[in-house]
Amino acid sequence: MNLNAAVKVISVDPLCPDRAILAQAGEMIRQGRLVAFPTETVYGLGADGLSAPAVRRIFVAKGRPADNPLILHIASLNDLPRVACQVPSSAYALAERFWPGPLTLILPRNKTVPAEVSAGLDTVAVRIPAHRVALALINAGRTPIAAPSANRAGRPSPTTAAHVLHDLGERIDLLLDGGETDVGVESTVLDLTVTPPCLLRPGGITIEELKQVIGRVDLIGVEKTDSGPARSPGLKYRHYAPQTPLLLVSGAEMVAKIIALIAQYQGEGRRVGVLAGEENSNYYKEADYLVIIGRRADLLQIAKNLFAGLRRLDAAGMDVLVAEIFDEQGIGVAIMNRLRKAASEII
Ligand code: AMP
Ligand code: MG
């Protein structure tokens, strides 16, 4: 990777990060600076989560609306009481099963956490990430790290260091390049301050997995995003969206509809990009640009490649993008949630 004039990019071994590099990165966190780093879900834009000025820099760098709260990343369960209070036993049961991992819990906020982190809410979002670079950074910084996804607000989340550089290059102080992220979609967000616990964002941990541990999970937070009041402020914004208009095509006739759309748009002189699964790739040969993000039968692979696929299509100079829908099972719930929010139209 090229060194950007403004941001320092350092490659780190994702399995065995160099201690001296991480010590330097941790020092920058303590100085209130912005460090982008890999997690198992997507790249995060990190700052000292207990410093209000540092946290405010995250919002400025991303262009993130001030009412969209951040997730605090901790490295050990021992740090949970530092950031949350009145932690219910269900949180410990979930932590035991899924941490480190892509599950974010909403808990009552400890007042030592600046209000900026939570966008003024009296709750806080917290998780332990399952990535050695992320954990090493939190330990080296000796503080919880507030980190949203390291993209410009509204854009697809970054799954490689190159994506971060593209979106935020001149706006951050350090970028730790630990290669491609594993899960590819963000963490599941679960609100434990209500009964029953309420799913606010589907993600890397599936609803079925949550139910195995805590029984009932209310899905109203996800289902209400387009109509009723948003329980999680960030859910009301358009997200993950390429700059090129994206049409999401559903229904039993999906393949036939996409083939017809390609012909129709091209007839209007417009260049068409298609995002699809491998099984259908032969049908879309007429597309001006075709991005295959994995086998439709392998939703983990689709999730991993989804955001990179959207970014590739956006960079290809097309006039319009058309995407397949995917099976809404397991991590497919998260995939479809992201695609719906990325789409300018669903047919
Ligand atoms: P990001 O880190 O960019 O993936 O975004 C974090 C997500 O967690 C957003 O959807 C936020 O709205 C949500 N979130 C963070 N803190 C809270 C909170 N205290 N209550 C509800 N949702 C939250
Ligand atoms: Mg985000």
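Remember, it's 1-based here, ligands and their atoms both numbered in the order they're listed.
- Of all the listed residues (Pro69, Gly203, Ser187), Pro69 holds the heavy atom that lies closest to atom 15 (C) of ligand 1.
- Counting all heavy atoms, side chain and backbone alike, Ala287 lies closest to Val274 at CB-CG2, 3.7 Å.
- Residue contact check for ligand 1: Arg109 places no non-hydrogen atom closer than 4.0 Å to it.
- Close approach of ligand 1 to Ala125 is summarised as follows: ligand atoms under 4.0 Å from at least one heavy atom of the residue are 15 (C), 16 (N), 17 (C).
- With no hydrogens or angles considered, a side-chain donor-acceptor pair links Glu209 and Thr206 at under 3.5 Å.
- Summarising the geometry of His73 relative to Ala147, their closest heavy-atom pair is CE1-O, 3.1 Å, with the distance given to 0.1 Å.
- Proximity of the aromatic rings of Phe37 and Tyr43 is defined here by a centroid distance below 6.0 angstrom, and this criterion is not met.
- Within ligand 1, counting atoms from 1 as listed, the ones closer than 4.0 Å to a heavy atom of Thr123 are 18 (C), 19 (N), 20 (N).
- Any N or O atom pair closer than 3.5 Å counts here, and Ser118 shares no such pair with ligand 1.
- Those atoms of ligand 1 that come under 4.0 Å of a heavy atom in Leu200, given as number and element, are 21 (C), 22 (N).
- With respect to Arg109 and Glu116, no salt bridge is recorded, no charged nitrogen being found less than 4.0 Å from a carboxylate O.
- Judged purely by distance below 3.5 Å, without hydrogens or angles, the side chains of Ser149 and Glu186 never pair a donor atom with an acceptor atom.
- For the 3.5 Å distance criterion, the side chains of Arg30 and Ser51 fail to qualify, holding no donor opposite an acceptor.
- Here Arg64 has side-chain heavy atoms under 4.0 Å from ligand 1, and that is the only part of it that gets that close.
- Between Glu186 and ligand 1, a contact under 3.5 Å exists for no N or O pair.
- Within the 4.0 Å heavy-atom shell around ligand 1 one finds Leu70.
- Counting the atoms of ligand 1 from 1 in the order shown, those under 4.0 Å from a heavy atom of Leu121 are 18 (C), 19 (N), 20 (N).
- In this structure Asp167 satisfies the salt bridge (Lys or Arg N to Asp or Glu O under 4.0 Å) test together with Arg311, sequence neighbours excluded.
- Look at Asp173 and Arg57 and you find a salt bridge, because one of the NZ, NE, NH1 or NH2 atoms lies within 4.0 Å of a carboxylate O, short of that distance.
- Counting only N and O atoms by type, the side chains of Asp288 and Gln266 include a donor and acceptor under 3.5 Å apart.
- Salt bridge annotation for Glu40-Arg132: absent, with no cationic side-chain nitrogen under 4.0 angstrom from a carboxylate oxygen.
- Near Ile106, meaning under 4.0 Å from any of its heavy atoms, are these atoms of ligand 1: 17 (C), 18 (C), 20 (N), 21 (C), 22 (N), 23 (C).
- Each of the atoms 9 (C), 11 (C), 12 (O) of ligand 1 lies under 4.0 Å from some heavy atom of Asn68.
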Kindly determine whether Arg201 and Ser187 satisfy side chain to side chain donor-acceptor pair (under 3.5 Å), including the steps that lead there.
CA-CA 8 Å; Arg201 177 175 74 182; Ser187 59; 3.1 Å; yes
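- Within the protein, the number of N/O/S atoms found under 2.8 Å from the Mg ion (ligand 2) is 1.
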